[in-house]
Amino acid sequence: MFEGYVAKPVILPIKGENTAMPAKYIDDRATPDCQNMMIKRAILKQRCGYTSKGSATTGDVMKIIEHQRQGSSYLVRISTKKINYWDSGSNDWADITGTSDLTGQNTIPVDATIAKLSGANILVFTNFQDNIKKWTKPGSNIADLGGSPPKAKYCLWFKAFLVIGYLNDGGTIYENTVKWSDVNDPEEWTISASTQASCTNLAGKDPITGLKRLQDFIIVCRERSVWRGAFVGGTAVLQFKKACDIGFLVGTTVCQLPKNVLIGLTQFGLGIFDGMSMQLVAPEIADDLKENINSSYLSKAFAKVVPDLNEYWLFVPTGTDTYPNTVYKFNYETLQVYKDKYSGITAIGQQSEIGSPILFGDKDGKVYERDTDEKDDDTTAISSYWTSKDIYIREGYYHYWVGMIIEAKGDKVDISISTDEGANWSSIKSLSLTSDWKTYVVYFESFTELIRVKLSNSDSNSSFEVRKVVLYGMVKESIIL
């Protein structure tokens, strides 16, 4: 079949995306560009899709969170205008907003935490526009949190204190202030000798971007630094000090990994904070992140850890996108990164019950469930592709390529090649696949210095898997004669 030609393996998908160097020099197992693909046991596979869950609400969905109270669990959806919980009886979302809509903005994140009031859990959330809100359980609507705390961007229940940061107190903005309630009473904010409520102003000018918990510390994320707070008791109650001079740009991108560290988006790319220092990770896509992010809408970025896949999913707006349509999937075990594309997704969440699906919220007020058997995003086809590095047998020489062998299954895969480092593509074959693994022989001719292969599918209700691609060619004359 290809006797006399050199076999050049194209895909052994163990490594992820690498845009840190020219594609001819990256690892043979890596890719310079991929979209909506996943790797499982060295098999390249199109990602799954999602299906709708219930009716839509008004406004952008900004938060999907689980509220647990007195042995019951409630899935809650918060938009810029409304708040709902999932009513399993009606199999739809129940409105608990009350008589007045929320006045949130889609450029300001919603933060939420589970606090305790009178010994029972309450859901506390804030959007920086309305007064801080609370919700107890079905049968009641949301209400203003008692004690008249200032409006805040961020909130966290920490060691029996409700802590808030980045404040709007009567119209005056305090970007670097952290304030907390009395112990065991999130509705007591009076600072006096008879309470443990207090506040502190952090040194420096970089604003607070989020509040997180790590080990026994409260972590204050800031744009150019990270601060660590601890409960010390006495009159001070909580004390804060700077831990490092690399910050988290957007607090909604900061998540806790199973290794008891925080990961999030920094000014230098992805960073992991262990409580003491920041370690930058995924250098292969650091420049890609910094150069392509649309900073005007970076406040809409968010992230989630997906333990079943050992992945951290970072949603960011890139190019001219005004929503975080690009997803960088960082595998914290293999340290590899892959990239997905979604449309108009504004929030992500998941209930704690084992096997619960990942949930997405979007700009149209809808919620979707990730479905491993679904091949479309609701009713929209998933456009997926994987490209190889720029391949050669001997550097500095022209090559004559005559064909390839591909082992695949699924519905369909389109095969294209590029001889100009991915600037232009020529289609060479569209393969109709079966549900069983089969080997296909594809013939083509190309005389070139470098060749790049793309495998893709953009059809509705269609997907593919590939576990082997081998190119066949021979070395011809030197480029410099």
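It should be emphasised that the depicted structure is a prediction, and the values quoted were computed from it without experimental measurement.
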Between Y323 and Y297, is the ring centre distance below 6.0 Å?
no
Residues two or more places apart in sequence or in another chain: which of them pass ring pair (Phe, Tyr, Trp, His ring centres under 6.0 Å) with F302?
F315
Does K454 make a cation-pi contact with Y385 (under 6.0 Å, within 45 degrees of the axis)?
yes
Between D27 and R29, is there a side-chain N and carboxylate O pair less than 4.0 Å apart?
yes
Check against side chain to side chain donor-acceptor pair (under 3.5 Å), D92 and S55:
CA-CA 7 Å; D92 204 355; S55 57; 3.0 Å; yes
I'd like to know if the side chain of Q46 pairs up with that of S463 as donor and acceptor (distance under 3.5 Å, no hydrogens or angles considered).
no
Under the 3.5 angstrom rule, does the side chain of D95 hit a backbone N or O of N84 as a donor-acceptor pair?
no
The single option from Q35, K341, K339 passing side-chain hydrogen bond (donor to acceptor under 3.5 Å, both in side chains) against T326
K341
Could you tell me whether E333 atom CD has more than 12 heavy atoms of other residues or ligands within 6.0 Å of it?
yes
For the side-chain contact (heavy atoms from CB on, under 4.5 Å) test, which of V337, D287, D288, D33 pairs with T19?
D288
Does D414 reach the main-chain N or O of N457 with its side chain, forming a donor-acceptor pair under 3.5 Å?
no
Do other residues, nucleotides or ligands put more than 12 heavy atoms under 6.0 Å from D216 CG?
no
Give me the ring orientation class for W386 and Y338: parallel if the planes are under 30° apart, tilted from 30 to 60°, perpendicular past 60°.
tilted
Could you state the interatomic distance from OG (S456) to CH2 (W425), rounded to the nearest 0.5 Å?
9.0 Å
Counting distance only, does the side-chain N/O of Q351 pair as donor-acceptor with the main-chain N or O of E353 below 3.5 Å?
no
Could you go step by step and tell me if Q267 and E223 meet the side chain to side chain donor-acceptor pair (under 3.5 Å) rule?
CA-CA 8 Å; Q267 62 266 47; E223 284 190 355; over 6 Å; no
Roughly how far, to the nearest 0.5 Å, is the OG atom of S427 from the CD1 atom of I417?
9.5 Å
Are the charged groups of K389 and D28 less than 4.0 angstrom apart, N to O?
yes
First locate atom CD1 of I65, then atom CD of Q68, and finally report the distance between them rounded to the nearest 0.5 Å.
10.5 Å
Hey, is D111 close enough to K153 for a salt bridge, meaning N to O under 4.0 Å?
no
State, without any angle test, whether Y174 and D169 hold a side-chain donor-acceptor pair at a distance under 3.5 Å.
no
Has K24 got more than 12 heavy atoms of other residues, nucleotides or ligands less than 6.0 Å from its NZ?
yes
Could you tell me whether a side-chain N or O of R228 sits under 3.5 Å from a main-chain N or O of G275, the two making a donor and an acceptor?
yes
Salt bridge (Lys or Arg N to Asp or Glu O under 4.0 Å): which pairs involve residues 50-70, sequence neighbours left out?
K53-E369
Begin from the C-alpha positions of K212 and Q256 and carry the test side chain to side chain donor-acceptor pair (under 3.5 Å) through to its verdict.
CA-CA 9 Å; K212 303 294 175 179; Q256 183 166 325; over 6 Å; no
Just checking, K259 and Y332: is the charged tip under 6.0 Å from the six-membered ring centre and within 45° of the axis?
no
Run the salt-bridge test on K133 and D130 with the 4.0 Å N-O cut-off and return the result as yes or no.
no
Between D340 (side chain) and N36 (backbone), is there a donor-acceptor pair under 3.5 Å?
yes
So does G204 get a backbone contact from the side chain of N176, meaning a donor-acceptor N/O pair under 3.5 Å?
yes
Is there a donor-acceptor pair under 3.5 Å between the side chain of T252 and the backbone N or O of A301?
yes
Crowded around Y85 OH? As in, over 12 foreign heavy atoms under 6.0 Å?
yes
W93 ring centre to R77 NZ or CZ under 6.0 Å, with the angle to the axis within 45°?
yes
E311 side chain vs V305 backbone, donor-acceptor pair below 3.5 Å
no
Can you tell me if K151 uses its side chain to pair, donor with acceptor, with the backbone of Q129 under 3.5 Å?
yes
Roughly how far, to the nearest 0.5 Å, is the CG atom of D371 from the CG atom of D376?
11.0 Å
K366, NZ: over 12 other non-hydrogen atoms inside 6.0 angstrom:
no
Evaluate side chain to side chain donor-acceptor pair (under 3.5 Å) for N18 paired with T31, printing each intermediate quantity in order.
CA-CA 6 Å; N18 188 343; T31 172; over 6 Å; no
What is the ring orientation for Y154 with Y166, classed by angle as parallel under 30°, tilted 30 to 60°, or perpendicular over 60°?
perpendicular
Has D245 got a side-chain atom pairing as donor or acceptor with S225's backbone, closer than 3.5 angstrom?
no
Pair D101 + K81: basic N to acidic O under 4.0 Å
no
